[in-house]
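To start, the structure under review is shown below, and the notes come after it.
Atoms within each ligand, like the ligands themselves, are counted from 1 in listed order. Only a predicted model underlies this, so the values are computations on that prediction, with no experimental measurement involved.
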Amino acid sequence: MSELPIRDELRGIQAYGAPQLDVPVCLNVNENPFPPSEALVADAAAAVADAVRGLNRYPDREASELRAGLAAYLERESGVSLRPEQVWAANGSNEVMLQILQAFGGPGRVALSFAPTYSMYPEYARDTATTWVTAPRREDFTVDVDAALEAVATHRPSVVLVASPNNPTGTAVPLDLVRRLHDATEATRTVVVVDEAYAEFRRDGTPSALSLLAGHPRLVVTRTMSKAFAFAGARLGYAAASEEVVDALRVVRLPYHLSAVTQAVASAALRHADELQARVRQLRDERDRLAEWLRSTGLEVADSDANFLLFGRFSDRHAVWQGLLDRGVLIRETGPDGWLRVSVGTPDETAAFTAALTAVVGDGARAGATVVTGER
Ligand SMILES: *Cc1c(COP(=O)(O)O)cnc(C)c1O
């Protein structure tokens, strides 16, 4: 076939994503291991049947009922009261992020983040022809405020992206950083995005940036139903921001981007938010127990406010990843060299993971998977 007129920056690039392997224990993409309850299944099925009866018509373009439900949920979860007009929903928070860059990034503009961070951000930047720049995090994966302000002054980004809790490290940022990033970018009118995909898993005392929305008109907080809501397959992400920001996102969204079926199942899930919260508490406890176990074996574990742990360090992390896979446990080879990321699963899955890791690291010398200790 003759060469297609693909954009130069896309030429030769392969589609990228976490491997979707058929493995007994999948702890690689931070999904919630608990499927929706039968009560939610029944409620969602009825809501879908209702939606299907009207599928000859286009869906509600503004997703009004869903956005009101999301605003009410955020108020219950974080105590921050928002008008439905301040909430925006799309097919996964990944689509929300793309829309943010479509509206506020683009040719000649810069998006800045703090590495290591979510591997999909540079792809949205590329796809929207936005220049992608990162400033490094500290050794412990926190963000140094002075270094962050310096990076903003140097690069003058139109968008700053801060994942909190961060993927793949689990690190949450203090609100002071968000406040100062917002206030230091008054002149450049920078949009400051805090990606709170894992916010529901935050430890007690870790605040949500939602509490800063009042008085910070260029702040956007994104959330998702993919993690805490155990609804990754439904593809529903959302943002909370000023009405001005939401209006800009409404300009770039595709017509009728959110199907009536998606709106119906997402609204059904919101009606079951309380039972989902109980599962979230269970997963937070499971995370803290697993972190303790990993540390007891002599491994380093990054402090996590999310439903996963970054642990290491290994002289050959790929050998450890492969050894776990050979034992039926799939985790993620991501983050800085030497580290691996494991999602928090059910107690049975945790047991399978700890048994497999014990076997692999026990074989360490042979597998080239020795644990590296000492100063980083
Ligand atoms: C999982 C994840 C998301 C969620 O993406 P969806 O499109 O909502 O499934 C967003 N941001 C980060 C950092 C994530 O890890």
Side-chain angles (χ1 to χ4, degrees), residues 16-18 20 26-33 36 63 66 70 73-74 87-102 111-125 127 132 134 137 141 143 159-173 178 192-202 208-209 220-240 249 253-254 257-259 262-263 265-266 269-270 276 280 283 287 302 304-310 331-335 339 341-345:
Y16 174 75
Q20 291 194 306
C26 279
L27 301 173
N28 65 328
V29 287
N30 304 338
E31 292 155 334
N32 191 315
L66 174 59
L70 289 166
Y73 165 72
L74 288 178
V87 177
W88 180 243
N91 296 281
S93 56
N94 277 283
E95 187 179 53
V96 174
M97 210 61 85
L98 185 70
Q99 291 172 337
I100 289 170
L101 289 177
Q102 286 176 319
L112 169 77
S113 191
F114 305 98
T117 191
Y118 192 37
S119 58
M120 296 307 296
Y121 295 151
E123 304 205 6
Y124 314 144
D127 294 348
W132 175 248
T134 59
R137 288 169 177 263
F141 308 126
V143 178
V159 178
V160 176
L161 286 174
V162 189
S164 181
N166 184 42
N167 182 2
T169 64
T171 322
V173 298
V178 179
V192 178
V193 184
V194 182
D195 180 352
E196 293 195 346
Y198 300 96
E200 285 92 342
F201 297 102
R202 65 194 187 274
S208 161
V220 186
V221 181
T222 61
R223 294 266 185 122
T224 180
M225 286 194 163
S226 295
K227 312 286 163 49
F229 268 88
F231 233 45
R235 309 304 302 128
L236 198 289
Y238 53 107
L249 301 182
R253 61 106 188 276
L254 293 172
H257 69 295
L258 204 55
S259 89
T262 302
Q263 294 185 38
V265 293
L270 286 171
L276 291 161
V280 166
L283 287 166
R287 168 197 65 206
S304 175
D305 278 284
N307 68 337
F308 56 82
L309 293 166
L310 190 73
I331 66 167
R332 193 79 186 270
E333 193 178 347
T334 186
W339 296 83
R341 192 193 71 194
V342 62
S343 312
V344 176

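- The nearest heavy-atom contact from the protein to atom 2 (C) of ligand 1 is Lys227 NZ, 2.4 Å.
- Closest protein heavy atom to atom 5 (O) of ligand 1: Asn94 ND2, 2.9 Å.
- Within the 3.5 Å criterion, the main-chain N or O of Phe114 finds a donor-acceptor partner in the side chain of Arg137.
- When each atom of ligand 1 is checked for a heavy atom of Ala197 under 4.0 Å away, the hits are 2 (C), 3 (C), 10 (C), 11 (N), 12 (C), 14 (C).
- Protein heavy atom at the shortest distance from atom 15 (O) of ligand 1 is Tyr198 OH, 2.6 Å.
- For atom 10 (C) of ligand 1, the closest non-hydrogen atom of the protein is Ser93 OG, 3.3 Å.
- Classified by interplanar angle (parallel below 30°, tilted 30° to 60°, perpendicular above 60°), the ring pair Tyr73/Tyr238 is perpendicular.
- Atom 11 (N) of ligand 1 has Asp195 OD2, 2.7 Å as its closest protein atom, hydrogens excluded (heavy atom only).
- At a cut-off of 3.5 Å, with distance as the only test, a side-chain donor of Asn30 or Tyr198 sits close to an acceptor on the other residue.
- In this structure, Met97 does not count as a contact residue of ligand 1, since none of its heavy atoms falls inside 4.0 Å of the ligand.
- Considering only non-hydrogen protein atoms, atom 9 (O) of ligand 1 sits nearest to Ser226 OG, 2.6 Å.
- In terms of the side chain to side chain contact (heavy atoms under 4.5 Å, CB included) criterion, residue partners of Val280 (sequence neighbours excluded) are, by chain and number, Glu200, Phe201, Ala228, Arg284.
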